[in-house]
Amino acid sequence: VCVADVDTATGSATVQELQDQHGADNVIFAHCDVTKDEDFKGAWETTEEKFGKVNLLINNAGIGNEQNWQKTINVNLGGCMRGTLLGLEKLGVNKGGEGGVVVNISSITGLKAAPFGPIYGATKHAIVGLTRNLGSDFHLKVSGVKVQALCPSLVKTDLLVNSIKSAFSTEVAQALSKFAGTLKDMSAETVANALMKLLEEGRNGGCMVVEAEKDPYYVDAPLS
């Protein structure tokens with residue numbers, strides 16, 4: 001596994017934890033700013049040099065800065081688009097690859113209204129749209145690459161704390177602070193288990209929601 005992140009300190013610490021559990025030779029870190037094509041390609045090349053052919057890409061980068069909406073769009077949507085397109089280029093059987101899977105981490109806010117995060121929610125809706133569009137039988141037959149999305153519910157994380165600091169407005173920041181206190185705890189293990197279920201079931205274009213105290217479930221497009 002290659003963990004790629006713009007935050008070298010946190011990313012390296014995560015890799016150390018994973019290496020302790022799974023072996024130093026099985027996990028590496030690569031610095032990657034998902035707003036830069038060259039960083040994405042560099043991380044991919046680093047991974048191939050260490051492990052050989054890549055068969056799975058998970059696009060997980062995300063921020064919730066409503067004040068700097070351009071950056072939020074570039075990281076959340078732009079990062080997923082860069083990663084997905086690179087995955088199709090590297091994995092596609094039509095490009096000399098062997099096929100594979102791209103998983104985009106969206107959010108439950110990509111499937112319903114998100115008044116406390118209008119910009120963040122818009123990017124997550126777009127990620128769902130990207131996933132459904134490229135996760136079609138048409139593109140699968142061409143590339144041999146499945147595109148899926150995991151849509152976790154909101155949980156108490158650094159992302160939520162930082163989102164409150166850079167909320168859409170003072171009123172939203174106040175409402176979001178109160179809302180955060182009502183959120184149920186959901187462990188990283190719960191999300192990871194849902195990811196494994198998504199991969200094992202292999203539903204191309206599938207958008208799976210994972211919420212605390214609920215079994216993961218798919219949400220289909222309202223129109224077909």
Side-chain angles (χ1 to χ4, degrees), residues 1-6 11 26-62 73-107 110-111 122-152 191-192 194-210 216-224:
V1 173
C2 175
V3 176
D5 201 308
V6 70
N26 294 319
V27 189
I28 62 172
F29 175 78
H31 180 273
C32 182
D33 179 344
V34 299
T35 68
K36 298 178 179 179
D37 290 336
E38 59 271 23
D39 275 24
F40 244 125
K41 292 177 181 177
W44 193 287
E45 291 169 359
T46 297
T47 305
E48 286 194 326
E49 289 172 4
K50 174 65 177 178
F51 299 117
K53 290 290 185 180
V54 174
N55 56 22
L56 170 65
L57 170 65
I58 300 175
N59 291 311
N60 188 45
I73 291 173
N74 204 11
V75 171
N76 295 6
L77 178 57
C80 269
M81 293 190 76
R82 288 182 183 88
T84 301
L85 295 176
L86 180 62
L88 290 171
E89 177 186 332
K90 296 291 188 179
L91 300 175
V93 295
N94 57 321
K95 302 287 187 177
E98 300 176 1
V101 181
V102 174
V103 177
N104 293 317
I105 306 301
S106 181
S107 165
L111 296 164
T123 65
K124 295 301 181 176
H125 271 80
I127 291 168
V128 167
L130 176 70
T131 299
R132 287 173 171 162
N133 292 342
L134 287 175
S136 67
D137 288 342
F138 174 85
H139 288 292
L140 180 59
K141 289 176 182 177
V142 172
S143 69
V145 179
K146 291 182 179 180
V147 183
Q148 304 173 297
L150 189 67
C151 304
V191 179
L195 174 61
M196 292 305 299
K197 179 179 175 66
L198 179 67
L199 291 170
E200 289 169 359
E201 293 181 351
R203 182 170 167 181
N204 187 39
C207 296
M208 176 178 281
V209 176
V210 53
Y217 59 93
Y218 292 99
V219 174
D220 295 325
L223 299 176
S224 61

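Keep in mind the model is a prediction, meaning the values are calculated, not measured.
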Seminar exercise, completed: d(Leu57 CG, Thr47 OG1) to nearest 0.5 Å is 9.5 Å
Problem set entry | Closest non-hydrogen atom pair, Phe51 against Val27 | CZ-N, 4.1 Å
Problem set entry | Leu195/Ile58 under side chain to side chain contact (heavy atoms under 4.5 Å, CB included): CA gap, chis, key distance, verdict | CA-CA 10 Å; Leu195 174 61; Ile58 300 175; 3.7 Å; yes
Exercise. What's the spacing between Glu45 CD and Glu38 CD if we round to 0.5 Å?
Worked result: 11.5 Å
Exercise. Does some side-chain heavy atom of Asn55 sit less than 4.5 Å from a side-chain heavy atom of Val101?
Worked result: no
Exercise. What is the minimum heavy-atom distance between Met81 and Leu130, and which atoms define it?
Worked result: CG-CD2, 3.8 Å
Exercise. In Å, rounded to the nearest 0.5 Å, how long is the span from CD of Glu201 to CE of Met208?
Worked result: 5.0 Å
For this session: Please check if the side chain of Arg82 supplies one atom and the backbone of Gly78 the other of a donor-acceptor pair under 3.5 Å.
Result: yes
Exercise. Could you give the distance from CG (Asp5) to NE2 (His31), rounded to the nearest 0.5 Å?
Worked result: 8.0 Å
Exercise. Tell me, do Val128 and Val219 make a side-chain contact under 4.5 Å, heavy atoms counted?
Worked result: no
Exercise. Short question: side chain of Thr131, backbone of Val147 - any donor-acceptor pair under 3.5 Å?
Worked result: no
For this session: Output, in order, the C-alpha distance, side-chain angles, deciding distance and verdict of side chain to side chain contact (heavy atoms under 4.5 Å, CB included) for Leu77 and Ile127.
Result: CA-CA 6 Å; Leu77 178 57; Ile127 291 168; 4.3 Å; yes
For this session: Report the distance from atom OG of Ser106 to atom CG of Asn59, rounding to the nearest 0.5 Å.
Result: 11.5 Å
Exercise. Taking all non-hydrogen atoms of both residues, which atom of Val75 and which atom of Val34 are closest, and how far apart?
Worked result: O-CG2, 3.8 Å
Exercise. Is the count of non-hydrogen atoms from other residues, nucleotides or ligands lying under 6.0 Å from Glu98 atom CD greater than 12?
Worked result: no
For this session: Please check if the side chain of Asn204 supplies one atom and the backbone of Gly135 the other of a donor-acceptor pair under 3.5 Å.
Result: yes
Exercise. Is the side chain of Lys124 donor-acceptor paired with the backbone N or O of Ile105 at a distance under 3.5 Å, no angle test?
Worked result: yes
Exercise. How long is the span from the CG atom in Leu88 to the CG atom in Asn94, to the nearest 0.5 Å?
Worked result: 8.0 Å
Exercise. Should Leu199 and Gln148 be marked as a side chain to side chain contact (heavy atoms under 4.5 Å, CB included) after you check the CA-CA gap, both sets of side-chain angles, and the distance that decides it?
Worked result: CA-CA 8 Å; Leu199 291 170; Gln148 304 173 297; 3.8 Å; yes
Exercise. Can you name the nearest heavy-atom pair linking Ala194 to Leu150, along with the distance?
Worked result: CB-CD1, 4.0 Å
Seminar exercise, completed: What one should report as the nearest heavy-atom pair of Thr123 and Asn76 is OG1-ND2, 3.2 Å
For this session: Over all heavy atoms of both residues, which pair between Ala149 and Leu198 is shortest? Give the atoms and the distance, please.
Result: O-CD2, 3.7 Å
